[in-house]
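The sequence lines fix the lettering, A, B, ..., with proteins before strands; numbering per chain opens at 1.
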Amino acid sequence: MTTELIRLLAFLVGIIAFAALNAAYLVWVERKGAAHFQRRIGPKEVGPYGLLQPLADGAKLMSKQLLIPDGVDPILFKIAPLMVLVPAVMSFVTIPFGEHLAARNIDLGLLMVFAFASINVLGLLLGSWGSANKYAVIAAARVISQNIAYEIPMLLTAIALVMATNTMNLNEMVSLQGGGFWHWNLIKLTFTASPLTPIAFLIFFTTMLAETNRAPFDMAEAESELVAGSFTEYSGMGFGVFFMGEYANIVIGAALTTVLFLGGWQSPLPFLPNSVVWFLMKMYVIIFTVVWIRWTFPRTQFYALLNLSWKVLIPISLVNLIVTAGWLKVF
Amino acid sequence: MGLAKIKQALAELAVTETIEVSKTVPAPPAAEGEEQGKPVEVKEMIEQNMLFTPEYAKKGYHLDVKVTAENVARSAKILLDHEFFLESITGVDWIKENQIEIVYDFNHWHTLCRVVIRTRTDRANPEVPTISEIYSGANWHERETHDFFGVTFTGHPDLSPLLLPEDADYHPLLKDFKA
Amino acid sequence: MSADVIDKSLETFVLNLGPQHPATHGVLRVKLTMDGEYIVHAEPVLGYIHRMHEKMGENRTWAQFMPNTGRLDYLAALSYNHGYAMAAERAEGIEVPERAEYIRCITVELNRIASHLLWFGAFVLDLGGFTPLLYAFDDREQILDLLESVTGARLTFCYFRFGGVYNDIDDNFITGTREFIKRLRSRMPMYHDLVTNNIILIKRLKGIGPISQEMCRRYGATGPVLRGSGVNFDVRKHEPYSVYPEFDFDIPVYTDCDSMARYMVRMDEMEQSMRIIEQGLDKLPEGPVMAAKAPKILKPAKGDYYCAVEAARGSFGIRLVSDGTNTPYRLKLRSPTFSNLSLFAEACQGMLLPDALALMGTLDLVIPEIDR
Amino acid sequence: MAYFNELYSGTKSLFIGMGITIKEFFKPVVTLQYPHESLTMTARFRGHIELVRDLESGGNKCIVCGMCQKACPSGCITGNGEKREGVKGKVLTEYTLDFTKCSLCGMCVESCKPAAIQFSKDYNLAGPSREAYIYDLLKRLEEQK
């Protein structure tokens, strides 16, 4: 019992450290990535290659006053950033980083990640409503409808996968993808998965972008329309925590994509040993792609975004679901 | 749409003004025994329709019409019917004559024809009817002219300061305005 | 609750867009009455950087007003220098040497490309795409370097003088310009692939923000806004000035009246400007760059004069009233975006906020020019 | 069918866009790291004005004609001179530029007959106060020795 508790505590600390470090360094990756996509250098003054920049940013945010404007609901205003950050960190609990490297190996792990992921939007809504700012409220209304619209195709693609693999345990799902990259769910060349999985992967990736409010679906922020959207009234660490939460969500999204489609900690070639390194590599490739997409495309129009979900993603993911079901029945 | 047509349409609106012109008059026919005299220059007051076709290369516009304030809207309507568009409205403060001139610049998309409509109003109480119902764009131009010259455009929906601060009670382009 | 019981004023709210807002590019403020995300009524509020250039003009000599003209539209300062120089030359009757006219056209067109490039970048930024802005700036820098080597300044060039230009251009400028045109030609397909053909951008611009011809006429819109509504009106062709009649170039016209049309007009105009510059460099005659008989102190004859040029944003007109002294009696600056913006209130009614901002982006506003 | 066409062409356009940005990602940076690197200004760069050194006398070339003062649209030049014995013409005693008002138009340089003023190539112009921009150009010429 005590060993179990210690193990849990160690993992909790590890997860929080991992999430915080990743969130902080994602800002660096984002800035550096953006700079190079735009043929600039980006942060370079603080530490080598600007690697200490997140620390400097953190120090700056912490030293700033947490301004609470007039007319704001102080409780909601203060709780909201945490409501974005905490669920994101909690989601890490079930992510299998390595074969035996997961805080909790829960049978309904997938469900738990989705459950926690949907709390994030509540945080945004409360923060926006609490800050009594018109831009923030508009952003909140957008974020809600966006999340509702995109959760459906995301779950539909996930269900198709669950049907094929017969499990909701994330670690088991990874185990099933062993034996080289052609066993990954992305391009599984066996008859257990439907031939539509590459498309399912694209859908999942798109919905992941939308769920994490990333460009080109960054309706929550939409800086050229809504100033800073939900975060308009936030300053100092309130803003900082919001951003940590946003970036932690991206890490979760990337980790989940890795687990579901890219074989998690499985090595791409059978003769190479499986290790957590593969997991991290795949995850960071996804994260880089997310950054890459952000610095390539303009923002979608809000109704185009809903159209995309209802008219394109949901029908296709339904077709995917049916095809998968049929495929499993036939083979 | 030619220059002649629009000229004709605007001709009756132009005011007639008494202006002083100097012209060379041939000398009266020589009486018997006298030598043929040289032509003489005389100044004469004549009534003239204030509608000009100035030299375009020199002035930059083709038709210059002076109308009374009441006829501004009618001329604008004629020009709109002939598919002219409004380039700008502005004022000129003729402080010596105690008048403010309002100048309307019109242009045409397809024909090279710039028309200038001008009208004068009393400097102490400048009032001109608005044309913002005919040309929607005139709304802002008139507001601007009101800012700068204090000209009241009667019938204008909202003459609050456009470019000047909202509490401005001065009109900077008047010649007697000193900052 | 029946419809007539609902208090209408509670259904709408006022949104203050600006004066400090990322999409208003400068200090424009728009008071929007919104019904959800739909705009019910819009009222632009101007004058935040009003500097009363027209009064300044009345208080300085004709030549001393030249630097002011570059500060109206700081993105296409040379067009404004050109307009003012031409107006004063028309009033005074100064003949400009041919070489100077060619240099004027070449530099003005370079400036037009620089202005459109910046608009392109800033517009895509309005739509949420950051990267094209930096690519456009990279190209724009090349133009500014070229113009700096000739005029000595990067933004407020103040390069033209009554009767010619301030400095002659040199071989470095000519070869540099040719190289730049080669470079931009090779970059244009990249811009089109990255931005123009992008499905997200097409979805955001196609059919959005229609401005009809009739509306353009009522508001006096000019420039790319008008040409995007299918009217072939460009002062360079309509009222040929300088040596533009010598050049073979087209006026891009799109008849869709939507934001995409206005976007395409500007993108195509860059190509046309490149053509003009190439021809200008080919035909560039030898000779002086200042009129020999240009007077040092201007005293135009009494009367008023009008002169218009096609600036990057539309027809810039200047009305001079001279009383025969060495200072202008009255100097009216007709700025194109003033008229272009005035139609925004009507055009954006019933639109969604982001669409209205896309529309505002295609109007290509430069606030100092509107406020003067 | 149009639906699938649009879906296909739309998705393709997105991948083309991503292809372009990734190519740019690996290209060298185009920016200059400003405080560490700086550009040399072009020969015609219009900085604020400075007095030209007269190579023969080592002093300035100004004849105190006041043309620059008259030409300046913003009135930012103040020049004064006095008669001195044994020297032809006036001698410059004061030449200040109020750079806070200067619009860098270059009218003064153009108006100067003896070419006694020129554009400096300074562009790193930051200062703690307004007064820091009232340049005593005579002093500046002295210091440049």
Side-chain angles (χ1 to χ4, degrees), chain A residues 30-31 33-42 132-146 206 209-210 213-229 231-232 291-309 311-312, chain C residues 12-18 20-25 32-38 120-139 141 193-209 259 263 351-358 360-361:
Chain A
E30 179 110 71
R31 288 176 65 176
H36 280 279
F37 279 120
Q38 298 162 355
R39 303 186 66 185
R40 300 181 283 119
I41 285 187
N133 180 299
K134 288 165 189 169
Y135 288 113
V137 173
I138 293 180
R142 288 180 176 192
V143 168
I144 294 288
S145 42
Q146 172 186 345
T206 317
L209 284 180
N213 296 321
R214 283 294 298 195
F217 308 111
D218 54 341
M219 290 298 137
E221 200 185 346
E223 79 279 344
S224 59
E225 297 158 18
L226 303 178
V227 189
F231 319 126
T232 309
V291 171
W292 179 11
I293 286 176
R294 165 151 185 202
W295 299 106
T296 302
F297 299 131
R299 184 180 309 110
T300 53
Q301 168 52 283
F302 182 57
Y303 51 75
L305 173 139
L306 292 184
N307 278 348
L308 178 68
S309 173
K311 289 187 184 166
V312 179
Chain C
T12 58
F13 61 95
V14 174
L15 190 69
N16 232 329
L17 196 80
Q20 306 295 334
H21 185 280
T24 54
H25 297 291
L32 295 169
T33 310
M34 309 276 295
D35 179 6
E37 271 208 60
Y38 286 94
F120 164 77
F123 177 58
V124 181
L125 183 66
D126 278 355
L127 302 181
F130 203 108
T131 304
L133 172 81
L134 274 292
Y135 296 166
F137 261 64
D138 186 12
D139 284 335
E141 280 303 297
D193 281 343
L194 179 62
V195 180
T196 314
N197 299 330
N198 186 298
I199 181 77
I200 300 176
L201 188 103
I202 294 174
K203 287 269 175 204
R204 285 207 65 172
L205 298 186
K206 265 256 150 64
I208 301 298
S259 296
Y263 170 90
M351 280 171 82
L352 281 164
L353 178 65
D355 286 345
L357 291 176
M360 192 195 270

CG on C:L352 to OH on A:Y303, rounded to 0.5 Å: 6.0 Å
For C:L127, is it the side chain, the backbone, both or neither that has a heavy atom under 4.5 Å from a heavy atom of chain A? both
Does any non-hydrogen side-chain atom of C:K203 lie less than 4.5 Å from one of A:T300? no
Just verifying a value: how many Å separate A:R214 CZ and A:I293 CD1, rounded to the nearest 0.5 Å? 9.5 Å
Chain A contact via C:Y135 - which portion, at a heavy-atom distance below 4.5 Å: side chain
Between A:F297, A:F37, A:Y135, which shows the greatest number of heavy-atom pairs under 4.5 Å with chain C? A:Y135
Any idea which of C:I199, C:L17, C:I208 has the most non-hydrogen atom pairs under 4.5 angstrom with chain A? C:L17
Considering non-hydrogen atoms only, spot the tightest contact between A:E30 and A:R294 and give its length. OE1-NH1, 3.5 Å
Do you know which of A:R142, A:R40, A:R39 has the most heavy-atom pairs with chain C at a distance under 4.5 angstrom? A:R142
First locate atom CZ of C:F13, then atom CG of C:D35, and finally report the distance between them rounded to the nearest 0.5 Å. 8.0 Å
Toward chain A, the part of C:D355 with a non-hydrogen atom under 4.5 Å: both
